[in-house]
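Take a look at the structure set out below.
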Amino acid sequence: MTTLLPESSFLQHTPVFSVKRAAVAVTAVSNCATGPSHEEWQSQLRSLQQLICELLVKNQQLRWALMELKEPSGKGR
């Protein structure tokens, strides 16, 4: 499992494109009800795995940012 360093960039105003791409991937998976090939399933699975990883990274960045906001001024630096 990969962990990010607290110095990782965190842009509060950056849109979360991952959620939009996840919706597209889920729609694509549901549209494959006509009998998708094994390769199509593998591709969709990889896309969903990547999106989950991106969301986990974003979640960790948000946790670190929240911890920084909560820590008293000057402490730990």
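Numbers here are sequence positions counted from 1.
Applying the side chain to side chain contact (heavy atoms under 4.5 Å, CB included) rule to E39 yields the partners S37; only residues at least two apart in sequence or on another chain are considered.
Atoms CZ and CG, on R46 and L51 in that order, are 13.0 Å from each other to the nearest 0.5 Å. One distance of note links CD of Q50 with CG of L55; it measures 10.5 Å at 0.5 Å rounding.
Considering R63, K70, E68 as possible partners of L66, the one that fulfils the side-chain contact (heavy atoms from CB on, under 4.5 Å) test is K70.
Counting heavy atoms from C-beta on, the side chains of Q60 and L56 never come closer than 4.5 Å.
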